[in-house]
Amino acid sequence: MKRKWIISALCVCLISGCGKKDEVPEETAEPEPVKEETGVWVKEIGEMDITVARALDAFEQVEIPYEGTMVLVDEERIGPPAEWFSSGYTENAMVVESGGKHGVYDYDGNVLYEPSINVHSTPFGKGITMAKVKDEDGTWKYVYGTCNSTISSAMVFEPDFTAVKDVPFADYQFAPYQDTSTYPFFAIVDGTFGVVTPGLKEDGTADGTHSFAPYSGTGLTRNAIVPVMDATYKTSSRVLVFQNGSIGPDVPEYLGKYQEGSYANGFYRLKYDDSVIFMHADTATQIGWAYHDAKNFVNGYAPVKRYGYWALLNENGDEVTDYVFSDISYVCDGKAYVRIGKSWGIINVEQAVKRGQNVTWTALFGTEKKDSLGTLTVKVTDLNFRTGPDITYEAIGNSVPNSKYPVYETAEASGFTWYRIDEGVWVPSEGTWAVYEKGVFDADEGPAKDKHRAEATPTPEATEEPKG
């Protein structure tokens with residue numbers, strides 16, 4: 001009997017854990033290694049079945065109430081275009097066209113609203129655009145929506161663009177397409193800030209005359225750029241006016257010589273003849289070069305164009321992509337829609353920048369590095385890519401300074417040494433434009449992290465022909 005009791009006790013101890021025993025620590029699973037993303041494409045060219053991609057519309061001018069009417073003014077734009085003159089809409093949305101129908105995608109290429117709005121049955125063939133809709137209290141607010149002109153119905157998008165709601169046709173206005181030539185506008189006449197009002201004919205169109213009244217209100221919601229006009233109401237320059245209506249004493253002299261301008265996210269975008277430049281609003285200093293075209297800074301980057309191709313400029317004045325895109329969008333969440341030829345794709349430019357790299361031709365289209373003969377480092381701006389090793393071949397884009405490319409073949413023609421950096425892509429050098437080093441390409445699809453302007457690089461004011 002005693003033996004049976006001992007055995008039973010032993011069993012209980014084993015089951016209940018009696019006796020002194022070191023606790024076994026719980027095993028923690030090792031975190032799975034995070035694979036570093038090294039590619040540039042989010043959606044490769046042609047992967048999405050779209051023929052048009054455009055950022056959400058934004059007005060060029062703000063309307064401010066004034067004596068029963070509205071006054072136009074070019075105020076500073078803050079944040080992304082989707083938020084400039086509306087509220088509550090997601091920034092991460094792009095209007096796309098597929099098969100003649102508009103829809104909305106995000107910047108990862110996901111469908112937010114299936115392309116289903118027939119562009120050709122909407123007024124002006126614009127499909128999805130910005131408009132104004134009357135609120136419950138009778139005031140008008142900016143929205144994104146669409147209207148079918150054949151049945152006189154209107155739809156307004158919900159803030160996330162995944163759904164729409166119907167609104168009465170009478171409460172829907174195509175604000176982007178109103179004739180603003182008859183609107184009063186802010187200007188400076190004889191050194192006084194005020195409102196210029198165009199004269200009207202009996203039919204409501206402008207008759208070419210103007211009247212002026214000083215403005216002492218504080219209707220501006222942000223700083224603004226306004227025209228300086230002479231006695232004939234011809235614009236001679238544009239200057240900065242502060243929110244309280246005072247003219248800034250330290251207005252950059254550069255603003256006086258430029259014909260057009262806009263003011264977004266702390267930067268002036270100014271146009272004079274065929275050139276566009278950027279100036280930092282706080283320091284009144286120019287950044288980057290003089291461009292043939294440019295869009296505003298949004299989320300730290302501005303699309304810029306030289307010699308027919310687009311690239312992205314950062315706020316330090318450095319191009320972070322090659323000039324190879326036929327079109328390019330603003331950057332959202334580090335990504336941008338890009339077009340090459342007739343096809344669209346999405347690149348993750350921010351990911352490449354964090355790795356200290358530019359989005360170069362090689363990063364976009366390059367072949368295996370192991371087959372290369374060496375590395376070519378470009379030292380100047382706007383060095384042409386051509387389809388063959390001679391200046392008679394078609395130019396298909398431009399490089400940016402400090403970008404590196406693999407070299408697969410060399411040739412001599414037209415007084416240049418030509419380097420083939422990809423299939424059907426050649427880059428020239430007269431000896432100083434680029435530096436060639438033999439050996440396997442070692443740039444990991446991007447340029448060196450140090451940025452500088454080489455002496456051979458043209459000045460921002462230069463408008464020379466592209467090299468090679």
Side-chain angles (χ1 to χ4, degrees), residues 42-61 80-86 88-134 140-180 293 295-296 298 303 310 325-330 332 335-346:
V42 177
K43 293 285 185 181
E44 293 194 19
I45 286 292
E47 188 176 342
M48 297 179 293
D49 183 23
I50 61 175
T51 54
V52 174
R54 62 175 174 81
L56 297 164
D57 291 318
F59 295 113
E60 287 300 313
Q61 293 178 304
E83 298 176 2
W84 284 349
F85 307 116
S86 59
Y89 281 91
T90 177
E91 170 189 359
N92 192 0
M94 172 70 73
V95 175
V96 302
E97 183 176 326
S98 179
K101 296 181 178 179
H102 270 184
V104 183
Y105 286 11
D106 66 15
Y107 278 72
D108 285 306
N110 301 313
V111 177
L112 299 181
Y113 192 83
E114 193 72 36
S116 57
I117 297 169
N118 192 318
V119 179
H120 305 294
S121 68
T122 59
F124 309 98
K126 294 294 184 179
I128 299 171
T129 185
M130 181 180 274
K132 290 198 298 187
V133 66
K134 189 174 288 187
W140 293 89
K141 66 177 181 179
Y142 293 112
V143 296
Y144 294 100
T146 186
C147 177
N148 188 318
S149 57
T150 60
I151 59 175
S152 299
S153 64
M155 298 187 306
V156 172
F157 277 91
E158 298 290 351
D160 60 1
F161 290 99
T162 58
V164 295
K165 63 180 180 181
D166 292 327
V167 298
F169 186 65
D171 293 343
Y172 191 88
Q173 284 188 2
F174 305 105
Y177 312 113
Q178 293 182 92
D179 178 11
T180 58
D293 199 359
K295 305 175 186 178
N296 288 301
V298 173
W310 289 89
F325 304 112
S326 305
D327 200 357
I328 192 166
S329 74
Y330 291 115
C332 173
K335 306 177 183 72
Y337 275 73
V338 296
R339 179 169 64 87
I340 295 176
K342 295 182 179 180
S343 299
W344 287 89
I346 303 173

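The shown structure was predicted, so the numbers you read here are calculated from the model rather than taken from an experiment.
- In this structure, Lys43 has no side chain to side chain donor-acceptor pair (under 3.5 Å) partners at least two apart in sequence or on a different chain.
- Note: Lys101 NZ to Ser121 OG = 9.5 Å, rounded to the nearest 0.5 Å.
- Across all their heavy atoms, Ser326 and Trp310 have their closest contact at O-CD1, 3.3 Å.
- Between Glu47 atom CD and Ser343 atom OG the span is 11.5 Å, to the nearest 0.5 Å.
- No more than 12 heavy atoms of other residues, nucleotides or ligands shown are found within 6.0 angstrom of CG on Asp49.
- Distance check, rounded to the nearest 0.5 Å: CD of Glu44 to CD1 of Ile346 gives 12.0 Å.
- Scanning all heavy atoms of the two residues, the minimum distance from Tyr172 to Gly145 falls at OH-C, 3.1 Å.
- To the nearest 0.5 Å, atom NZ of residue Lys342 and atom CD1 of residue Ile45 are 14.0 Å apart.
- Every side chain to side chain contact (heavy atoms under 4.5 Å, CB included) that Thr146 has, sequence neighbours left out, goes to Ile117, Thr122, Met155.
- Judged as a side-chain hydrogen bond (donor to acceptor under 3.5 Å, both in side chains), the pairs with a partner in residues 155-168 (not counting sequence neighbours) are, in order, Asp160-Thr162.
- When all heavy atoms of Gly127 and Val119 are compared, the pair lying nearest together is N-CG1, 4.1 Å.
- Exactly one of Tyr107, Trp344, Tyr330 qualifies for a side-chain contact (heavy atoms from CB on, under 4.5 Å) with Met94. That residue is Tyr107.
- With sequence neighbours excluded, the residues forming a side chain to side chain contact (heavy atoms under 4.5 Å, CB included) with Pro80 are Glu83, Glu91, Val298, listed by chain and number.
- Taken from OG1 in Thr129 to CG in Leu56, the straight-line distance is 9.0 Å, to the nearest 0.5 Å.
- Listed by chain and number, the residues in a side chain to side chain donor-acceptor pair (under 3.5 Å) with Asn296 are Ser262, Arg269 (sequence neighbours excluded).
- Of all heavy-atom pairs spanning Lys295 and Asp327, the tightest one is NZ-OD1, 3.4 Å.
- The nearest pair of heavy atoms linking His102 to Arg54 is CE1-NH2, 3.5 Å.
- In this structure a side-chain-to-backbone donor-acceptor pair under 3.5 Å is present from Ser329 to Tyr337.
- Residues that satisfy the side chain to side chain contact (heavy atoms under 4.5 Å, CB included) test with Val111, not counting sequence neighbours, are Tyr105, Glu114.
- Residues passing the salt bridge (charged side-chain N to carboxylate O under 4.0 Å, His left out) test with Arg339, sequence neighbours excluded: none.
- Among residues two or more places apart in sequence or in another chain, the ring pair (Phe, Tyr, Trp, His ring centres under 6.0 Å) test is passed with Phe161 by Tyr89, Tyr144, Phe157.
- Counting all heavy atoms, side chain and backbone alike, Met130 lies closest to Tyr142 at SD-CD2, 4.2 Å.
- For Asn148, the side chain to side chain donor-acceptor pair (under 3.5 Å) partners two or more places apart in sequence, or in a different chain, are Thr150.
- Every salt bridge (charged side-chain N to carboxylate O under 4.0 Å, His left out) that Asp108 has, sequence neighbours left out, goes to Lys335.
- By the side chain to side chain donor-acceptor pair (under 3.5 Å) test, Asp171 is found to be paired with no residue, residues two or more places apart in sequence or in another chain being considered.
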